[in-house]
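What follows is one structure encoded as structure tokens, with my remarks underneath.
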Amino acid sequence: MSSSAAAELNLSTSDALFTRAKNHIPGGVNSPVRAFRAVGGHPVFMQSAKGAWLTDVDGNRYLDFINSWGPMILGHAPEVVLNAVQAAIPASLSFGAPTRREVEMAELIKQMVPSIEKVRLVNSGTEACMSAIRVARGYTGRDKIIKFEGCYHGHGDSFLIAAGSGALTLGTPDSPGVTEGVARDTITVAYNDLEATRQAIEANKDQVAALILEPVVGNMGLVAPTEGYLQGLRDLCTQHGIVLIFDEVMTGFRLARGGAQELYGIKPDMTTLGKIIGGGMPVGAYGGRQDIMDCVAPAGKVYQAGTLSGNPIATAAGIAQLTYLQEHPELYAELNRITTRIADGTRQIAAELGLNYTVNQVGSMFSVFFTSQPVHNLEDAKTSDTEAFGRYFRAMLHRGIYLAPAQYEALFVSTAMTDELVDHYLTACRESMREAHGL
Ligand SMILES: *Cc1c(COP(=O)(O)O)cnc(C)c1O
């Protein structure tokens, strides 16, 4: 072994908390991927974070590439967001009645994402996606939806459908508790395969209410749309009267101020938002064409409601973060530059070690796939060596680099990342790649 070994981490407080947690919380966590099952070992419990750095309950520090799975695009605890939250707190935490900030937030979202003519705030990305398809069904009077293998739209029943054996096969539930009836209304197709989508639409003529996708996928690892793919989907939806929904919960306000739809110049009928929109608070939103959104109660008959929706503290955080992004458009070019350095550097290190791994990147999102095959869809992603990825993840963790604890996740870069920190990451990457492969 020529790689330098990492110092042992003291994780005793994390381990003790995890033992306690398992007695009270299913699997010890409130969201499954946090349990580290895909990479082995125990989860690290966090105490605090500032800028690019996390500090755990044992006092270890980590350079963070998760950034709360996207929301912390300005790094952790940015003054501009913290100040807005602090200023909002004394006026009470919730009213269950309309507030000025909800109007300001709606105006801001519409400015940044012009395809949105009307918008409804909810409390999570899951809620946004569940609501969007209900509205699309109400609007079209049709039952079925098309989704794509490897795309994640939260844990709503309709979205937890396994990839069937091809586009025309009826779905089967991916999770116990999802009924076959629900599964029958979800059609799954391979991402980046326009012809399969066309066939699925033809085979379900006048029955498809909505087509929902991540325009750039983050949830099978980072996968970009191939040339012409999004425009092709746009054309198919227009032709067949299908509501095109871009799930921009991850990509919204991240790949550009106006999300992937701005970057690729495609106008969806509806958009779902989350993550960055709340500045770290639980916020989601769905919006789109006025004629579609006017189906939502009380303007229309499609019911959707929320006790804490438009919460005054959450909107304070969201407005502060979105306003900052709106007023600093230059930060997107800088995020892209620094993430390109990370992606290129990683690709080069893997190549030098004879591994030729695929590194996908769009803007400030990237993934290192432990496969030499180009990754354009879920099938490609699944050729990755997940055992080696797990060893790499643990080697990085022990060097103070906090990656997503699974191969099929995107990594996120914040404005707190500096060139010096990239150098630090690349050194750890080289050592960890060698350690993971016994080189
Ligand atoms: C995270 C995510 C969701 C779900 O959002 P939650 O806030 O976790 O419910 C939906 N769609 C995409 C694309 C996501 O990345």
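Keep in mind that what you see is a predicted model, and the values were worked out from it rather than measured. Basis for what follows: all heavy atoms, side chains included, without hydrogens, waters or symmetry-related copies. Atoms within each ligand, like the ligands themselves, are counted from 1 in listed order.
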Which class fits the ring pair H42 and F18: parallel under 30°, tilted 30 to 60°, perpendicular over 60°? tilted

Identify, for atom 11 (N) of ligand 1, the protein heavy atom at the shortest distance, and state residue, atom and that distance. D247 OD2, 2.7 Å

Could you tell me how the ring of Y425 sits relative to the ring of F366: parallel (under 30°), tilted (30 to 60°) or perpendicular (over 60°)? perpendicular

For atom 5 (O) of ligand 1, what is the nearest protein heavy atom, given as residue, atom name and distance? G125 CA, 3.2 Å

Where on E214 is there a heavy atom closer than 4.0 Å to ligand 1, on the side chain, on the backbone, on both, or on neither? side chain

S124 heavy atoms within 4.0 Å reach ligand 1 at atoms 7 (O), 9 (O)

Parallel, tilted or perpendicular, judged at 30° and 60°: which one describes the rings of F393 and F36? perpendicular

Please determine if E334 and R337 form a salt bridge, counting it only when a charged side-chain N lies under 4.0 Å from a carboxylate O. yes

For atom 8 (O) of ligand 1, what is the closest protein heavy atom, and at what distance to 0.1 Å? T126 OG1, 4.4 Å

Just go through M250, K275, M130, H155 and tell me whose heavy atom is the nearest to atom 14 (C) of ligand 1. K275

Side chains of Y357 and T371 in contact at under 4.5 Å (non-hydrogen atoms): no

Under 4.0 Å between heavy atoms, the region of N219 that gets near ligand 1 turns out to be side chain

From CA spacing to verdict: salt bridge (charged side-chain N to carboxylate O under 4.0 Å, His left out), R101, E104: CA-CA 5 Å; R101 277 200 288 277; E104 292 172 356; over 6 Å; no

